[in-house]
Number of protein chains: 2
Amino acid sequence: MSKVQPRTLSGFMELLPPQQAQFERMAAILRETYSLYGFTPLDTPLIESSEVLLAKGGGETEKQIYRFMKGDTDLSLRFDLTVPLAKYVAQNYGQLTFPFRRFQIGKVYRGERAQRGRFREFYQADIDVIGDGKLDISNEAEIPAIIYQAFSKMGLRRFQIRVNNRKILNGFYAMLGLTDKSGDIMRTVDKLDKIGGEKVAALLTGEDIGLTQDQADEILKFIAIKGCNGEVLAALEGYRGRHALFDTGLDELRTVTKYLAAFGVPESHFAVDLTIARGLDYYTGTVYETTMLDHPEIGSICSGGRYDNLAEYYTDKQLPGVGISIGLTRLFFVLEDQGYLNQNLNTAPADVLILPMTEDLSPAISLATTMRDAGIRTQIHGEQKKFKQKISYADKLAIPYVVFLGEDEIRAGVAAVKDLRTGEQVKLPSVEAVAHIRRGLEQLNRGTPIRDRES
Amino acid sequence: MSKVQPRTLSGFMELLPPQQAQFERMAAILRETYSLYGFTPLDTPLIESSEVLLAKGGGETEKQIYRFMKGDTDLSLRFDLTVPLAKYVAQNYGQLTFPFRRFQIGKVYRGERAQRGRFREFYQADIDVIGDGKLDISNEAEIPAIIYQAFSKMGLRRFQIRVNNRKILNGFYAMLGLTDKSGDIMRTVDKLDKIGGEKVAALLTGEDIGLTQDQADEILKFIAIKGCNGEVLAALEGYRGRHALFDTGLDELRTVTKYLAAFGVPESHFAVDLTIARGLDYYTGTVYETTMLDHPEIGSICSGGRYDNLAEYYTDKQLPGVGISIGLTRLFFVLEDQGYLNQNLNTAPADVLILPMTEDLSPAISLATTMRDAGIRTQIHGEQKKFKQKISYADKLAIPYVVFLGEDEIRAGVAAVKDLRTGEQVKLPSVEAVAHIRRGLEQLNRGTPIRDRES
């Protein structure tokens, strides 16, 4: 028979079992953390009607969308989890209770140009809180606090959540009479890290944007405000009283900063940063980006912000919200690429491999049942293979414990438990064998999926 | 602004939060159970190259496939999890360790005609064990034992895993000299439940198949063999010695039956049933179907079997395996539709809602942190709303506990914990409040997602 070459499309991540186990641990930590903060899991379809999904229309994303006909239905694959959430909330408005707190971890699709570290199918892990008409500012502090918890539980240490407020930016540009140009200005200022202050100034005073030198200087001075959070807030106070929107934004930023501390986020892990704007037009208040301190070049690993109108394309209801999104597939790729994954993590498919040394497998099956009832992941090696091959199977999979069960052990009512890392072997009755293995696993499973330098 | 009507495509399941929570519990039980038996999680792309995905070609399924071009690439959405597994194993053969045990719970796509209870996007929850060249018969007993465990943990009681062996069927037809016609015969015999014995006999002796009356009688007599497993096996012994393949099949069936008992599956929950054939040609040994005793009309909720050649379209390697698949979306639909879901299950997004009664939220945040550290899912209601509205929020979401935190409580170092089901309220220091709530939750979370009659 002629064969088809088995292959996976480029831009689609498909992991080998140990890496998949690492990925699952990270996803599980996100699910647990999001749940602890009272978010409910949602699962929306991968495919939506194009009319619904592209209601907002236009923009950069549209070219990247996987869009196709099935029969005479125009379909698209979701490209983020926010538009499906907007649809869901508008559609089920009467059956939901607000503030509506949901998390979703799911794949999204963008037909980007294939290149290393860019994915066409990737997981996003989102949380959002949606209010009905109103939403309290405290949510804008809780959201980054959840991210701090999640990353910390994963073992990430050297990261920083950078916080700004769009009202401060918009208020500031209004002070200068530059509201109309604020979009262009922010996009230019966004390039500061890449091209430097001089080139930004040149672009700002250039033909396209056309600011005066004074205006450009004012802007560069403003975004150059640096220091610890207290210093930045103090500097911002110098602008107070010149524009109401700015003042509101400054009050919000003060509140968010105060509550972030109350939520247990140390100051080392969040920074007021006036250069953060987020490209999307719909952010109206607090905005977030998260950077790895030792890898600023990879950009933000978790971003989001406050918006006033989640579902304006579907409903007249005013649905303000705040949300944040982790690009989980890309984050995982970067962590693996940069050597952050904890190689000592137990990624074996089982904790115990039972090697039956008798023809009849029944005693092995019975012991396996005892182990599984105690929460120990157990395989029975029932194949007709040589002893050496069976041990090699456990070695290759890094299964931590092997249990030998021969005539002697069965007669004596014990199991021979071998720790494959230390080579230590003990004969124990099954109840004690279970306790022995559980103690070892507790030690072994203590590690986090990520190993970072100390923060 | 003109609005787009928010809607979800027909044939795509999208659940409200309480139902989603039920679904997640069922999926979590599957993940846990599969893991306890030493299966490793896999996650393959939703999209594959059409050439790869449709290597096998043809068949009923092809018309249903979501297939489309992106640029000049011919793509298809996966329609099951078996073909992607075959691709994965062939592609990563050198890096896998065999027997390779994997589970995958993921969405698949089939453009079926939309009708109630039929889905175009649905979850499959699969386990497979793949051998390299050989695979021991004991795996064919372990697979249905895992399903028994999983369904039992979900709370399903009145179901039966029906087991047959293709070698018995093929051997039997060979005895009658009907090997060439066995496909047609089995497809006809499959209709027995629907159309009855007489019509089956008429079809068998009709023009298309053309059996003699004697042959048709022999077949009907064979598939009429009923009784407890011991009786069926005894009846089958009557055919021993007439065909080697039959005899092998009978030996395998005896072994599987014996080990199923060893794996703890009670005889009430598995039945040797000679009418089970499974349509797919690639099954070569043990085959399974699972029926709900009180709802035979919905057909098999979990099916699979033994195959000799998982990846023959991709590789010359002989990769025999055994697998089983739960159609999770359809199962969930049926369970909900038939009133099997446990309405007392805790499906609230949080276990505790903290109502801060002071301007400053810091004490509430601090208490929430204590709760979350203890594994209690906690929300803070920080909105500017009336007390009654806040209580109504907890009521609507069925959050079991509300904690009031006012000046008095803060000063006294206590929290007022109210059980919303009983109305009972107690004032306790936070450590004791945590213990009190955990005791209550332990009780509350004891239930299974399914409530069935006793088996």
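Convention: sequence-line order gives letters A, B, ...; per-chain numbering from 1. Keep in mind that this is a model prediction, so the values were computed, not measured.
Closest approach of A:Ala145 and A:Phe263 over heavy atoms only: CB-CB, 3.5 Å. Here the closest non-hydrogen pair linking B:Gly38 and A:Ala350 is CA-CB, 4.0 Å. The two residues B:Ile399 and B:Leu353 make their nearest non-hydrogen contact at CG2-N, 3.7 Å. B:Ser35 approaches B:Phe103 most closely through the heavy-atom pair OG-CE2, 3.7 Å. Closest of all the heavy-atom pairs between B:Lys87 and B:Tyr314 is N-CE1, 3.6 Å.
Of all the listed residues (A:Thr40, A:Val4, A:Leu77), the one sharing the greatest number of non-hydrogen pairs under 4.5 Å with chain B is A:Val4. Chosen from B:Pro99, B:Ala90, B:Ala55, the residue pairing most often with chain A at heavy-atom distances under 4.5 Å is B:Pro99. Taking A:Met69, A:His381, A:Gln379, A:Gln95 one by one and counting their heavy-atom pairs under 4.5 Å with chain B, the maximum is reached by A:Gln379. The choice from B:Gly111, B:Pro17, B:Ser2 that makes the most heavy-atom pairs within less than 4.5 Å of chain A is B:Pro17. The most heavy-atom pairs under 4.5 Å with chain A, out of B:Leu361, B:Thr33, B:Ile380, come from B:Leu361. Looking only at heavy-atom pairs under 4.5 Å with chain A, the residue among B:Ala348, B:Ser138, B:Gly71, B:Ser49 that has the most is B:Ser49. Of the listed residues (B:Asp351, B:Asp316, B:Val352), the greatest number of heavy-atom pairs within a distance under 4.5 Å of chain A belongs to B:Asp316. Chain A forms more heavy-atom pairs under 4.5 Å with one residue of B:Thr347, B:Leu397, B:Leu36 than with any other, namely B:Leu36. Each of A:Leu9, A:Ile376, A:Asn139 has some count of heavy-atom pairs under 4.5 Å with chain B, and the biggest count is that of A:Leu9.
Looking at A:Leu46, both its backbone and its side chain come within 4.5 Å of chain B, counting heavy atoms on both sides. Interface remark: A:Ile47 contributes backbone and side-chain atoms alike to the contact with chain B (heavy atom separation under 4.5 Å). With a 4.5 angstrom heavy-atom cutoff, A:Tyr123 touches chain B only via side-chain atoms. A:Tyr313 touches chain B through backbone and side chain together, each having a heavy atom under 4.5 Å away. Only the backbone of B:Phe39 comes within less than 4.5 Å of a heavy atom of chain A; no side-chain atom from C-beta onward does. Heavy atoms closer than 4.5 Å to chain B are found in both the backbone and the side chain of A:Leu16. For a residue to count as touching a neighbouring chain, one of its non-hydrogen atoms must lie under 4.5 Å from one of that chain's; by this rule A:Pro84 does not touch chain B. Both the backbone and the side chain of B:Glu51 have a heavy atom closer than 4.5 Å to some heavy atom of chain A. Residue A:Asn92 touches chain B through its side chain alone, counting heavy-atom pairs closer than 4.5 Å. For B:Ile65, the part sitting under 4.5 Å from any heavy atom of chain A is the backbone (N, CA, C, O) and nothing else. For chain B, the nearby part of A:Glu142 is the side chain; its heavy atoms alone come within less than 4.5 Å. Only the side chain of A:Glu24 comes within less than 4.5 Å of a heavy atom of chain B; its backbone N, CA, C and O stay farther away. For A:Arg102, no part sits under 4.5 Å from any heavy atom of chain B, backbone or side chain. The part of A:Tyr109 that comes within reach of chain B is its side chain, from C-beta onward, which places non-hydrogen atoms under 4.5 angstrom from that chain. Proximity to chain B is absent for every atom of A:Ser392, based on heavy atoms less than 4.5 angstrom apart. Neither the backbone nor the side chain of A:Asp373 comes within contact range of chain B; no heavy atom of the residue lies under 4.5 Å from a heavy atom of that chain. Only the side chain of A:Arg101 has a heavy atom closer than 4.5 Å to any heavy atom of chain B.
Side-chain atoms of A:Arg78 come within 3.5 Å of backbone N or O of A:Lys107 as a donor-acceptor pair.
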Worked verdict on A:Lys317 versus A:Asp132 for salt bridge (Lys or Arg N to Asp or Glu O under 4.0 Å) = CA-CA 8 Å; A:Lys317 300 275 180 225; A:Asp132 184 9; over 6 Å; no

Could you walk me through whether A:Lys258 and B:Asp360 pass the salt bridge (Lys or Arg N to Asp or Glu O under 4.0 Å) check?
-> CA-CA 10 Å; A:Lys258 178 182 111 183; B:Asp360 182 15; 3.8 Å; yes

From CA spacing to verdict: salt bridge (Lys or Arg N to Asp or Glu O under 4.0 Å), B:Glu383, A:Lys134 = CA-CA 8 Å; B:Glu383 303 305 305; A:Lys134 282 199 269 185; over 6 Å; no

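With hydrogens and angles left out, the side-chain atoms of B:Thr8 and B:Glu14 include a donor and acceptor closer than 3.5 Å. Side-chain contact annotation: A:Gln104 with A:Thr44, donor-acceptor N/O pair under 3.5 Å present. Side-chain atoms of A:Gln149 and A:Tyr34 form no donor-acceptor pair, as typed in the model, at a separation below 3.5 Å.
Aromatic ring pairs are classed by plane angle as parallel below 30°, tilted from 30° to 60° and perpendicular above 60°; the pair A:Phe100 and A:Tyr88 is parallel. Classified by interplanar angle (parallel below 30°, tilted 30° to 60°, perpendicular above 60°), the ring pair B:Tyr66/B:Phe12 is perpendicular.
Taken to the nearest 0.5 Å, the CZ atom of B:Phe332 stands 6.5 Å off from the CE atom of B:Met13.
Look at A:Glu112 and A:Lys63 and you find no salt bridge, because none of the NZ, NE, NH1 or NH2 atoms lies under 4.0 Å from a carboxylate O.
Residues of residues 365-372 of chain A lying under 4.5 angstrom from chain B, judged on non-hydrogen atoms, are A:Ile365, A:Arg372 in numerical order.
Annotation: A:Phe68 is in aromatic contact with B:Phe68 [ring centroid separation under 6.0 Å].
Residues A:Leu15 and A:Phe23 are in side-chain contact: their nearest non-hydrogen atoms beyond the backbone lie under 4.5 Å apart.
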